[in-house]
**Q** 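Please read through the structure below; I'll follow up with questions.
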Amino acid sequence: MNASRTSGAVPPAASVSETGFDPTLFDRFPTSGERPEGELGELEHVWRAPRGWGLLTVVNNNYVGIFYVGAAFLFFLLAGILALVMRVQLALPLNGVLPQETYNQFFTMHGTVMMFLFAVPAVEALGVLLLPQMLAARDLPFPRLSAYAFWAYLVGGLAFFASIFVGLAPNGGWFMYPPLTSTAYSPGINADFWLLGIGFIEISAIAGAIEIIVGVLKTRAPGMSLDKMPIFAWAMLVFAGMIIIAFPAVIFGTLALELERALNWPFFDPTRGGDPLLWQHLFWFFGHPEVYIIFLPAAGLVSMMVAALSRTPLVGYRLVVLALVATAFISFGVWAHHMFAVGMPRLSVGFFSAASMAVSVPAGIQVFAWIATLSVGRPRYQTPTLFLVGGLVTFVLGGLTGVMVAMVPFDWQVHDSYFIVAHLHYVLIGGMVFPMFAGFYYWTPMMSRRPLSERLGKWVFWLMFAGMQVTFLPMHLTGFMGMPRRVYTYLPGRDWEITNMISTVGAFMLAAGILIFLVDLIRNFRFAAEGNAGNVYGGGTLEWLPTGLYSTRSIPLVTSREPLWDRPGLSREVEEGRYFLPGSATGNRETIITSPLRAEPQYLQIMPGPSVWPLLSAIFTAGFFLLLTVQAYLVGVVSGLVAIWCMIRWLWETDRPVRPPTADIGAGIEVPTYVTGPSTHGWWAMVVLQIVIGMIFLMAAFSYLYLYGVHTSFWTAPPAPSWLALLLPLYGAGMGLAWLARVLLARRRSTLWSPATALLFGAASLLTGFVLDCLSWRWSGLDPEASGQGATVYGLLAIQGFVTGVAVLIALYVAARNSRGLVTRPRNNSFDLAVLFLIYTGAQGVLGAALVRLFPGAV
Amino acid sequence: MWPRISTPSGIVEGLAGWPPPVLDPAGPYAGSVAALSWALIALAAGIFLIVLAALWIALRGRERLRARLGGERAIWIGGVVFPVVVLTALLIWGLTLTRNLSEPAGGPELRMRVSGEMWWWRVSYLDGNGRAFMQDANELHIPVGRTIAIELVSPDVIHSFWVPQLSGKLDMVPGRRNLIRIQADRPGTYAGICAEYCGGPHALMGFLVVAHAPDDYARWLAARRAPRAAPPDRQSARGAALFVSAGCAACHRIAGTPANGQAGPDLTHVGSRRTLGAGILPNNRGTMIGWIGNSQAIKPGNRMPPYTVLPGEDLQALAAYLEAQR
Amino acid sequence: MRAWLLLLGGMLVWTIHFFVLYGLGSLFGTTPTARIGTLLVTLACLAANLAILVTCMRIARTADRESVLGWPARLGAPVAVLSIVSVAWQAFPALFT
Amino acid sequence: MPEADPAAGRDVVQRVGCASCHVFPDISWPRGALGPNLGDFADQGLIGGRVPNRPDLLAAFVRDAPALIPGTTMPAMPISERESRDVAAYLYTLRDR
């Protein structure tokens, strides 16, 4: 059976199968009869974790997940300490605790670290930790990618944070508006450190998003159709989708800012046809969805916990999914509500005001769904419940002030004042931090031999909750009293000193709560993937099945949203191996790949085990960026090359078909162990990656058009359109040769080398096209430093150059695999993905070349 | 420490914390927003109480009430229907108000230009043709009852012009020219501040708007335009010479003298200003000397270099001369 | 694919509507061209949403609960409803101010 | 000093901005660097390095320094006689600890 054939077929409305899989096969579960001796032992052996220093090479999600959560929490504490020092400085007017320059670095770091190094990684970390368990997958589909993302984030994040100890921390505010952050006004390398720190989180967020999308859509337990997915999985799917669309904007933005700083390309310089507002558009097109990127996973956690603690299914599951999906879309239409005061035409501000209203409706739906669920059940007043209710109250208040600031005239008054500081902390602490602490209490028993203390937990909650309100409620008033944000001091005599002193006292209450939490953690947290405290709060979803490092002994058949509630014997049956994959079918780490809608088994994925290469890749990637930032260019480039080498080593061992070609995943259901084509997890990941690159390209194209609209007078004539007659065929040939290579691979008569040769020629053709594209612009006399046109045109070319470089590298890699006989026929995944990438590269080249020559030239 | 905190320092008149300036408007542009603000505050408080009540019922309420809340119908009503009705009304109000605020209120407008610069405000009074007929810094004088249309520009980084009692804020973006309207309906001094982080001493970038009754304004304007007398005494005359020889004139302009620098604030009327250092110090001879001698200790990072090398007598003379520039 | 279209249809319509209106506003400001364009696009998008809503409701009524399209259709219907509200709001600034 | 209030004196110091030239231990901003640090003023023998540090002379000095010491950088300050006595009283509270 070739799964790729069947998954593409469009099912009729009444069909109950998505892939042609016969659902009656599910009736064979749970199986009966004895399981063979030693099956469990083999499973444990296959999934055992390395010991000692080898733990650094671990890739299993239990470990990487807990490291990841720990690292994110560390950054939360560090950024929180910065906040406390700032609160001390602001407690009194004209206070001298922090000098101006240090304060400016502190608030920049507080915002940057909280948003980029704590909030996004924290929710991503929870996803890595919880998702495989909730979906009853053995692991996430690309465990080594998780490990790489984690290490890059940890090493890069720590190096970035260290900049504050040497006074080199960025000082332009967490949204780094140019021109303040361009070299003219920030000549030091402080701003470069910001770009560096963001670079890491871009890498790890994108890697994590790919992982999560493929994980949620392709590795769910059989039978877990979309409507039976735990709501957290929905939230993470939406979260990852949003990252894919939103992060490219900030990736391009940071690229442009660094190009402006390092090479003097005037993207944001109005005297040369750039525009400072372009940065704001790019940043907030990312920045506003970012807020929901943080909030939605936390809301997913809330939905899970509210249901579990109320001991009743979530009321309005479908409406909550609707809310998640709607938020994901509409949040991309509200970016400019951070720009109401920049002087946009009133039509534009009204337009973004309307979208900002629309995005608040889904939040209301979730709030009422939680209240409804609490009404149905009788929640016990345990620590997670307290955090949930406290978070709900806080978030509602933040949401209401959010609607207030969506009103343009009101925003003109409170924008950039302490009212906004209050609003955003209410939303983020109520919407993300309190749910996360609820989650810490609720899920710790899954990872620890002892649960956290209920007694200490109540102290933690009340101190944090009261501290939060005491800190931030008065700030609304401080804002009304006219205090702008980001001021290191203020003059006495306006009563600001009263509210500020109250806020400072509150901040220390909040910190005291967190301190007690740390005590609780030290006293009670003992990591244990096996033999943990278990289902203390009585949850009904699959993460509460008994687990080992291999996740569950057998992968259950899912028939409802809370399988543990609906089938009391499930844990025992799973533990006895009565469901899918009760052992290792091939002697490797493996998980079942299922179809995206209805989770029908498609094939068995062979998973990689521990490896040192992701760690080394991450270290050298970090080295590359860090060394470039401190302007050690040569060593930096060497480090980058080593990083690439490590990645190739890491990939080299993957994509090896195993024997036997099909395997029994339980009850005699046979699935293939090696599948190619659009149903594979690799294909999905590649498509998602191409969407990311495509979005980066789109952002560059938007910048080009935007600057044309703002500063038309700077535009010069492009090279003659006849160049297209040369470029398009070259790009086209690259795409065609790549496609030809795939055809050749399937034909038995072609010799071993010809498909790889076609691929190499394709890559060469793409490279030639790119080089000629660059030369045509150089010869036309347009200099990247000359104008916004120059900057954006060469910016587009830089993206094309990067993609072309990767394409060449991929072609060489696949050719090398081919020469070692690692490319299987008639189809091979590595080969397929190379072909996909080359075709993408050519298509992007065509679009880019045509856009900058035909518009505005031909119009 | 506590007793001292509430001591009014009186560094700058016109700063008042209570009632909060956003809710204590002094003119129509801020007034309609204050009305909206009160309505929004009341609405938010009302909805917050409703949600709290619902939560209370969910956790502690009677069985019958809880049953009402515990279904999809409650979600539709509370989460969709109710918000849609409220938000539709708010949206229409907000859009209408946005339109009204961005249009002239009627009557001839006075025009000014304010340029936000690191970290002070360049103020120009414009005539009917949009040409500057008078330069000043860090202080705007306006007549009450008239709408002032202010062009906002910036030569360096983004700043934001905010006088909470007179109107909302508007950014000053390099390469762009924004227009804000303000109007004061009662005489007084209104504090303004930069609301967009602009680096360094952004926190210390304030200014004042002084609203005069129409007659007073006319008198003020006439006095400003009157011919300027020569330095009144020997000390000031020495100061005038020093102003050029010590290099002050390279950055500062004083109309009617050879001093014509453009980098720093125009000092033609510095003696009559209420503040020094962009709204942060009272203006007297002592603070003037302190500022000239070492402004870096007062406003770290500002663009004025310290003049600690000048002997005391020179500083006295300069201060006396500047004090006379009214 | 059809399942995803049903599920996300309303939001895709919203997205198209939003960016077309953004483009119209950027190019034509508050001119009559922009207003008429906005009106036409809005009506078209409302119609599309209605079509999605009707399709979803029909499938939701007839399809088996466990069928491939059943649940996506049941979710797609309220998505389309929300989209109708949002699309209407989105047109307010151009039509009423 | 009889009938003089150090706290009121400190308020005057803040109001007229003495700190733009002098450092006072209990005023954190500004910390002017032009004039002498007054952190241990009460222990000083001389005012401005010339005049004996006596209450009556100090009060006169803070009000009109050039009259007492011609050529000093310190200018006459806009304060009343009563305020000058308060300021002097405040200055005598500044001791090196």
Side-chain angles (χ1 to χ4, degrees), chain A residues 92 100 173 177 179-180 185 270 275-277 315-316 319 341-343 346 349-350 353-354 357 360-361 364-365 367-369 371-372 374-376 389 392-393 396-397 400-401 404 407-410 412-417 477 480-482 484 486-497, chain B residues 5 8-11 15-18 20-23 33 36-37 40 44 47-48 51 54-55 58-59 66 69-72 74-75 78-80 83 87 90-91 94-95 97-99 101-102 157-158 160 164 168-171 173-176 178 193 195-199 201 203 280 300-301:
Chain A
L92 297 169
Q100 163 188 303
Y177 282 174
L180 181 61
Y185 302 102
D275 184 17
L277 293 188
V315 178
L319 293 178
V342 303
R346 71 156 195 271
V349 294
S353 178
M357 298 283 175
S360 64
V361 175
I365 293 178
V367 166
F368 276 90
I371 292 179
L374 291 172
S375 321
V376 173
V389 173
L392 185 68
V393 169
V396 166
L397 208 54
L400 289 168
T401 52
M404 291 167 78
M407 301 286 285
V408 179
F410 182 74
W412 283 339
Q413 277 289 12
V414 298
H415 178 74
D416 271 340
S417 78
L477 185 57
F480 281 143
M481 294 200 295
R486 301 174 162 189
V487 290
Y488 81 101
T489 192
Y490 52 91
L491 303 182
R494 292 192 226 191
D495 303 325
W496 294 359
E497 47 268 57
Chain B
I5 285 172
S9 82
I11 281 186
L15 306 184
W18 197 266
V22 168
L23 301 175
V33 180
L36 175 71
S37 306
L40 287 174
I47 296 176
F48 186 59
V51 174
L55 199 57
L59 295 171
R66 281 176 48 215
L69 262 183
E72 285 212 6
I75 305 177
V80 182
L87 292 175
L90 278 185
L91 184 59
L95 291 172
L97 190 54
T98 308
R99 184 186 59 193
L101 288 178
S102 23
V157 304
I158 304 175
S160 193
K169 64 183 69 63
L170 190 58
D171 290 355
V173 184
R176 288 173 182 251
N178 284 334
I193 195 161
E196 178 68 64
Y197 174 64
C198 52
I280 57 172

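First the proteins, then the strands, lettered A, B, ... as listed; each starts at 1.
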**Q** Without swapping roles, check the side chain of Glu196(B) against the backbone of Asp416(A) for a donor-acceptor pair under 3.5 Å.
**A** no

**Q** With a 4.5 angstrom heavy-atom cut-off, could you sort out which part of Tyr185(A) is near chain B: side chain, backbone, both or neither?
**A** side chain

**Q** Closest heavy-atom contact between Val396(A) and Phe48(B)?
**A** CG1-CD1, 3.9 Å

**Q** How far apart are the closest heavy atoms of Gly482(A) and Ile193(B), and which atoms are they?
**A** O-CG2, 4.2 Å

**Q** With a 4.5 Å cut-off on heavy-atom pairs, point out which of Val376(A), Ile371(A), Val361(A) contacts chain B the most.
**A** Ile371(A)

**Q** For the candidates Pro179(A), Ala369(A), Ser353(A), which exhibits the highest count of non-hydrogen atom pairs separated by less than 4.5 Å from chain B?
**A** Pro179(A)

**Q** Would a distance-only check, ignoring hydrogens and angles, find a side-chain to backbone donor-acceptor pair under 3.5 Å from Arg66(B) to Ser375(A)?
**A** yes

**Q** Can you say whether Met357(A) sits under 4.5 Å from chain B via the side chain, the backbone, both, or neither, judging by heavy atoms?
**A** both

**Q** Are Ile158(B) and Pro276(A) side-chain neighbours, meaning at least one heavy-atom pair lies under 4.5 Å?
**A** yes

**Q** Can you tell me which portion of Thr401(A) sits under 4.5 Å from chain B's heavy atoms? Options are side chain, backbone, both or neither.
**A** neither

**Q** Check each atom of Leu180(A) against the heavy atoms of chain B and say whether the ones under 4.5 Å are side chain, backbone, both or neither.
**A** both

**Q** Below 4.5 Å, heavy-atom pairs only: which of Gly71(B), Pro174(B), Gly199(B), Cys198(B) has the largest tally toward chain A?
**A** Pro174(B)

**Q** Checking Pro409(A) against chain B: side chain, backbone, both or neither under 4.5 Å from a heavy atom?
**A** both

**Q** Heavy-atom cut-off 4.5 Å, strictly under: side chain, backbone, both or neither for Leu59(B) against chain A?
**A** both

**Q** Quick one: of Ala195(B), Ala54(B), Ser102(B), who has the most non-hydrogen atom pairs under 4.5 Å with chain A?
**A** Ala195(B)

**Q** Heavy-atom pairs under 4.5 Å with chain B: which of Pro484(A), Pro270(A), Ala341(A) has the most?
**A** Ala341(A)

**Q** Identify the two heavy atoms, one from Asn178(B) and one from Val342(A), that lie closest to each other, and give their separation to 0.1 Å.
**A** ND2-O, 2.9 Å

**Q** Less than 4.5 Å to any heavy atom of chain A: does that hold for the side chain of Val173(B), its backbone, both, or neither?
**A** side chain

**Q** Taking all heavy atoms of Pro300(B) and all of Tyr488(A), pick out the closest pair and write down the distance.
**A** CD-OH, 3.9 Å

**Q** At a heavy-atom distance under 4.5 Å, which candidate from Ser37(B), Ala44(B), Gly78(B), Pro83(B) has the highest pair count against chain A?
**A** Gly78(B)

**Q** Which pair of heavy atoms, one from Pro20(B) and one from Phe480(A), lies closest together, and at what distance?
**A** CB-O, 3.5 Å

**Q** For Ile75(B) and Ala372(A), which heavy atoms make the closest approach, and how far apart are they?
**A** CG1-CB, 4.2 Å

**Q** Just give me the residue among Leu392(A), Val414(A), Leu277(A), Val389(A) that pairs up with chain B most often, heavy atom to heavy atom, under 4.5 Å.
**A** Leu277(A)

**Q** Chain A heavy atoms under 4.5 Å from Leu95(B): which part of the residue, side chain, backbone, both or neither?
**A** side chain

**Q** Can you measure from CE (Met404(A)) to CG (Leu40(B)) and round to the nearest 0.5 angstrom?
**A** 5.0 Å

**Q** Say you draw a straight line from CG of Leu97(B) to CZ of Phe410(A); how long is it, rounded to the nearest 0.5 Å?
**A** 12.0 Å

**Q** Asp275(A): what forms a salt bridge (charged side-chain N to carboxylate O under 4.0 Å, His left out) with it, not counting sequence neighbours?
**A** Arg176(B)

**Q** What residue, out of Pro201(B), Gly94(B), Ser160(B), has the most heavy-atom pairs lying under 4.5 Å from chain A?
**A** Pro201(B)

**Q** Please state whether the side chain, the backbone, both or neither of Leu101(B) comes within less than 4.5 Å of a heavy atom of chain A.
**A** side chain

**Q** With a 4.5 angstrom heavy-atom cut-off, which part of Ala74(B) approaches chain A: side chain, backbone, both or neither?
**A** backbone

**Q** Can you tell which part of Val349(A) gets under 4.5 Å to a heavy atom of chain B, answering side chain, backbone, both or neither?
**A** side chain

**Q** Side chain, backbone, both or neither: which part of Tyr177(A) has a non-hydrogen atom closer than 4.5 Å to chain B?
**A** side chain

